[in-house]
Novice: 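The structure is given below, and queries will be raised subsequently.
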Amino acid sequence: MNSEIEAILAKNLAPADCAKALNELGKNYAEQQDSDSAIACWEKSMECYGKPGFAQAQLMKAYNAKRRQCSQAGDGNGLELYSNKIDGLMQKSKDAIRYGY
């Protein structure tokens with residue numbers, strides 16, 4: 001985890017505020033083409049807040065892009081990793097619908 005993410009987490013913000021700050025940081029990383037750092041921000045945002053929203057949508061896009069890169073590079077392990085991450089996000093979406101998060 002990078003120092004900017006740690007700094008946000010160290011502020012002990014309310015879950016929604018923490019998620020918002022992490023989402024903004026992730027958006028900045030994505031604009032700089034640093035997808036790994038953006039993914040780290042959005043994953044932490046999901047941990048903080050846990051409800052479907054911006055972070056989940058951005059993670060789905062980022063995971064699909066990573067999966068596509070792994071597929072083109074012939075990286076079977078990476079392909080499986082990101083496919084499993086996508087499956088996990090889909091399950092969270094289904095749970096949110098079923099249980100009304």
Side-chain angles (χ1 to χ4, degrees):
M1 185 170 15
N2 74 32
S3 60
E4 290 178 281
I5 295 172
E6 289 174 356
I8 290 170
L9 296 175
K11 293 179 182 179
N12 293 320
L13 300 169
D17 294 332
C18 180
K20 184 176 180 180
L22 289 166
N23 289 342
E24 283 301 312
L25 181 59
K27 197 164 109 177
N28 291 340
Y29 282 130
E31 289 170 357
Q32 297 169 14
Q33 306 300 314
D34 185 353
S35 62
D36 291 333
S37 294
I39 287 171
C41 288
W42 295 324
E43 286 175 341
K44 277 294 176 193
S45 173
M46 290 284 297
E47 285 178 31
C48 286
Y49 194 54
K51 295 183 180 181
F54 180 81
Q56 188 171 3
Q58 297 308 306
L59 278 172
M60 187 65 76
K61 290 177 192 176
Y63 288 163
N64 272 312
K66 287 285 197 178
R67 187 180 64 167
R68 197 169 24 259
Q69 289 172 355
C70 290
S71 177
Q72 292 169 348
D75 178 4
N77 291 335
L79 183 62
E80 184 176 349
L81 172 71
Y82 288 105
S83 293
N84 289 337
K85 287 182 179 249
I86 290 167
D87 289 344
L89 283 179
M90 295 296 286
Q91 188 60 51
K92 285 183 188 222
S93 293
K94 289 176 188 176
D95 289 346
I97 291 167
R98 283 188 192 118
Y99 306 117
Y101 286 99

Novice: Parallel, tilted or perpendicular: which one describes the rings of W42 and F54, with boundaries at 30° and 60°?
Specialist: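 If you compare the ring of W42 with that of F54, the planes turn out perpendicular.
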Novice: Given S35, which partner from the list K66, K61, Q69 fulfils the side chain to side chain contact (heavy atoms under 4.5 Å, CB included) test?
Specialist: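 Of the listed options, the one satisfying the test is K66.
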Novice: How about NZ on K85, more than 12 heavy atoms from neighbouring residues, nucleotides or ligands closer than 6.0 Å, or not?
Specialist: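 Atom NZ in K85 is crowded, with more than 12 foreign heavy atoms closer than 6.0 Å.
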Novice: Could you please spell out the steps behind the side chain to side chain donor-acceptor pair (under 3.5 Å) verdict for Y29 and N2?
Specialist: CA-CA 12 Å; Y29 282 130; N2 74 32; 2.9 Å; yes
Novice: Heavy atoms only: give me the nearest G26-A38 pair and the separation to one decimal.
Specialist: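 Heavy atoms of G26 and A38 come nearest at O-CB, 3.4 Å.
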Novice: To the nearest 0.5 Å, what is the distance between CG (D87) and CG (L89)?
Specialist: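 Between D87 CG and L89 CG, I get 9.0 Å after rounding to 0.5 Å.
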Novice: Should D95 and R98 count as an ion pair when the cut-off is N to O under 4.0 Å?
Specialist: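 Yes, D95 and R98 are salt-bridged.
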Novice: Find out if a path of hydrophobic residues (ILVMFWY) with successive side-chain heavy-atom gaps under 4.5 Å connects L81 to M60.
Specialist: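 Yes, L81 and M60 fall within the same hydrophobic cluster.
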Novice: Show the nearest heavy-atom pair for residues C70 and L79, with the distance to one decimal.
Specialist: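 Of all heavy-atom pairs spanning C70 and L79, the closest is CB-N, 3.6 Å.
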Novice: List the steps, then state whether side-chain contact (heavy atoms from CB on, under 4.5 Å) holds for K44 with I8.
Specialist: CA-CA 10 Å; K44 277 294 176 193; I8 290 170; over 6 Å; no
Novice: Are any of the side-chain heavy atoms of K92 and P52 separated by less than 4.5 Å?
Specialist: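 SC-SC contact between K92 and P52 ruled out.
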Novice: Check whether more than 12 heavy atoms from other residues, nucleotides or ligands sit under 6.0 Å from atom OH of Y63, and answer yes or no.
Specialist: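 Yes.
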Novice: How long is the straight-line distance from SG of C41 back to NZ of K27, given to the nearest 0.5 Å?
Specialist: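 Nearest 0.5 Å value for the NZ-SG distance: 13.0 Å.
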Novice: Rounded to the nearest 0.5 Å, how far apart are CG of D34 and CD1 of I39?
Specialist: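 Answer for the CG-CD1 pair, D34 versus I39, is 9.5 Å.
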Novice: If you look at every heavy atom in L22 and I5, which pair is closest and at what distance?
Specialist: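 Taking every non-hydrogen atom into account, CD2-CG2, 3.9 Å.
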Novice: Do C48 and L9 have side chains that approach each other closer than 4.5 Å (heavy atoms only, starting at C-beta)?
Specialist: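 Of all side-chain heavy-atom pairs linking L9 with C48, at least one is under 4.5 Å.
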Novice: Rounded to the nearest 0.5 Å, how far does OG of S45 lie from CG of L25?
Specialist: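 Here the rounded value is 10.5 Å.
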Novice: Distance-only, no hydrogens or angles: does the Q56 side chain make a donor-acceptor pair with backbone N or O of M46 under 3.5 Å?
Specialist: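 Judged by distance alone, no pair lies under 3.5 Å.
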